[in-house]
2 protein chains.
Amino acid sequence: MKIPDRTVERVILYRRRLRTLHAAGQVRIYSHELAGVEGVTPAQVRRDLMTIGYTGSPAKGYEVAGLIAKIDETLNPHQDEGVVLVGVGRLGKAFLAYFAGQANHLPVVAAFDVDPEKAGRLVHGCRCHGLDELETVLAERSVRVAFLTVPGDAAQEVADRLVRAGIRGLVNLAPIRLRVPPEVYVEYLDITVSLEKVAFFARRDARAAARSS
Amino acid sequence: MKIPDRTVERVILYRRRLRTLHAAGQVRIYSHELAGVEGVTPAQVRRDLMTIGYTGSPAKGYEVAGLIAKIDETLNPHQDEGVVLVGVGRLGKAFLAYFAGQANHLPVVAAFDVDPEKAGRLVHGCRCHGLDELETVLAERSVRVAFLTVPGDAAQEVADRLVRAGIRGLVNLAPIRLRVPPEVYVEYLDITVSLEKVAFFARRDARAAARSS
DNA sequence: GGCATACTGTGAATGTATTCACAGCGTGAT
DNA sequence: ATCACGCTGTGAATACATTCACAGTATGCC
Ligand SMILES: NC(=O)c1ccc[n+]([C@@H]2O[C@H](COP(=O)([O-])OP(=O)(O)OC[C@H]3O[C@@H](n4cnc5c(N)ncnc54)[C@H](O)[C@@H]3O)[C@@H](O)[C@H]2O)c1
Ligand SMILES: NC(=O)c1ccc[n+]([C@@H]2O[C@H](COP(=O)([O-])OP(=O)(O)OC[C@H]3O[C@@H](n4cnc5c(N)ncnc54)[C@H](O)[C@@H]3O)[C@@H](O)[C@H]2O)c1
């Protein structure tokens, strides 16, 4: 079953909202309620849930707990898997701090940096290694996903090495497009591009716009 | 002339690459060269340039300098405009540091935080104000775009206030969807969602994937 | 000068995403 | 029991984005 990129993104948003509602004691939800919160149409919500194969009932809507379970099962069929972060600079440290404070099912299990100053230290509870240990740690922890927060001119080189070490997914914060083999998925978070885009659309009469990232 | 979201994004990437090439002395470029670097097809590049109304010549390709000028003119028809940042936390500080080191045509002209500790201080060369000065500063500098790096539970409230103060575009880093009037454009940079998406696609056989953000 | 080349510009085709619109149904009201 | 309601699930329609494919053409070469 193939789930399109856009749908995956929205389903992740639904899940986040559903968890909050579940914690607040809500048992059922209608497509238009979820839609309202996430800024999409009810039809889209129904189509998305159909895509992941979850079925509600016309009179009662969707069961919050059941839907969360279905999403978990669809998106995270395996055990919690660790991710790593390469480039413990300002941005990298902010990320480590942020993820340290979260009970995530995708914990950051290790960080890496060329700077020998940083090797061996704990940064917000996350062990920072020298680059020489990269292959070993990745293999030990069987990590498949990495954050890339190194300077732009080191990014390709580091990405190559990560891919060789078995990484299959990258969240790239460096302002360059990476060349990777087709089986590696890259998500680009390009802050400068986002800013320029917003500056452009802020000028014209933008549609409310949703789109995540 | 309406330029689609996706095209704007790619054009911004082309411009970044073109600036590097121009600095390196390259005078002309073919669609397939630009495409190769940015991970899109040559046909797409040509279509994008057609959309912004730039014309090359079959034998010589596109003129690097002319194309940059055309993109600038299309995307940034006005003078350099300042942007502001609200929420001088870990992420906000990283951004301020980053943009301070760049000669950007979208300079961060002011920052804001509720924390009285931060008010009045200079953070990486950027003046940090208390929230009470928000309306005044925005009006003075006629700022239309803002970064939102406050905690999730403050984001909606701050966004409302920014919109009331005249903001027309937001780059939102907080993990919630904002309710804003339709004339306000919001770009979501949701790091957790990106991570989860990558974790999902890293598992299946991902297509090389481009997509920015 | 004439010709072969390799590109661009673009209509048309294809592919993908979203929305419409409605049949069908379980529920709660009566 | 029966009915009316308001929801879901989904085929079909639409809208949007990408790619194909090729005519047209400026250039450099001989
Ligand atoms: N900070 C921001 O707000 C911001 C905004 C937009 C983009 N970015 C991008 O994010 C990336 C990181 O930004 P930053 O501000 O944290 O930079 P930074 O300079 O603070 O940190 C970069 C870190 O990477 C390390 N590093 C350098 N080369 C490395 C290598 N080959 N292997 C491993 N580690 C290496 C450095 O030692 C440093 O600790 C950059 O590509 C930057 O362009 C940052
Ligand atoms: N740090 C990360 O790597 C990371 C990753 C993903 C998402 N985020 C999101 O980015 C946002 C900022 O993250 P952070 O790590 O910088 O948090 P932080 O707690 O370090 O910083 C938040 C800042 O916002 C200020 N603030 C709080 N309420 C405010 C208000 N009403 N008006 C103005 N300022 C206010 C606080 O004083 C603080 O300085 C959060 O929404 C967080 O969820 C951060």
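Side-chain atoms are counted along with the backbone in the values below, which use heavy atoms only and exclude waters and symmetry mates. So that the names make sense, note that chain A is the first sequence line, chain B the second, and so on, each numbered from 1.
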* Asked: Is the shortest heavy-atom distance from the side chain of A:Asp48 to the side chain of A:Ile52 under 4.5 Å?
  ->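 Side chain of A:Asp48 against side chain of A:Ile52, heavy atoms only: no contact under 4.5 Å found.
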* Choose from D:dT19, C:dC7, D:dC22 the nucleotide whose nearest atom is closest to any side-chain atom of B:Arg46. =>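 My answer, after comparing the listed nucleotides, is D:dC22.
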* Identify which nucleotide among D:dC7, D:dT18, C:dT10 has an atom closest to any side-chain atom of B:Arg10, counting heavy atoms from C-beta outward. =>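 Nearest listed nucleotide: D:dT18.
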Take atom [atom1] of [X] and atom [atom2] of [N], then tell me their distance rounded to the nearest Å.
| X | N | atom1 | atom2 | value |
| --- | --- | --- | --- | --- |
| A:Glu33 | D:dG6 | CD | C1' | 13 Å |
| A:Gln44 | D:dC16 | CD | P | 14 Å |
| A:Glu9 | C:dA17 | CD | C1' | 13 Å |
| B:Lys2 | D:dA15 | NZ | P | 13 Å |
| B:Arg6 | C:dG15 | CZ | C1' | 13 Å |
| A:Asp5 | C:dT18 | CG | P | 10 Å |
| B:Asp48 | D:dC16 | CG | C1' | 14 Å |
| A:Met50 | D:dC7 | CE | P | 20 Å |

* To do: Report the residue from A:Val11, A:Val8, A:Ile3 that forms a side chain to side chain contact (heavy atoms under 4.5 Å, CB included) with A:Thr51.
  =>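 That would be A:Ile3; it is the only one of A:Val11, A:Val8, A:Ile3 passing the side chain to side chain contact (heavy atoms under 4.5 Å, CB included) with A:Thr51.
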* To do: Might you point out which heavy atoms bring B:Ala199 and A:Val145 nearest each other, and give the distance in Å?
  =>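 Reported closest heavy-atom pair: CA-CG2, 3.8 Å.
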* A:Asp5/B:Lys197 salt bridge by N-O under 4.0 Å criterion ->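 Looking at B:Lys197 and A:Asp5, the cut-off is met.
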* Salt-bridge contact B:Glu135-B:Arg161 (side-chain N to carboxylate O under 4.0 Å) ->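 Counted as a salt bridge, because a side-chain N and a carboxylate O are separated by less than 4.0 Å.
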* Should A:Asp72 and A:Arg19 be marked as a salt bridge (charged side-chain N to carboxylate O under 4.0 Å, His left out) after you check the CA-CA gap, both sets of side-chain angles, and the distance that decides it? -> CA-CA 11 Å; A:Asp72 284 344; A:Arg19 283 192 180 132; 3.3 Å; yes
* In residues 52-63 of chain B, which residues come under 4.0 Å of DNA chain D by heavy atom? ->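 The stretch gives B:Pro58, B:Ala59, B:Lys60 as the residues lying under 4.0 Å from the strand, ordered by number.
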* Ring centre gap for B:Tyr54 and B:Tyr14 strictly below 6.0 Å ->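 No.
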* Asked: Looking only at N and O atoms, is any donor in the side chain of B:Arg47 or the base of C:dT10 less than 3.5 Å from an acceptor on the other one?
  ->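 No, the side chain and the base share no sub-3.5 Å donor-acceptor pair.
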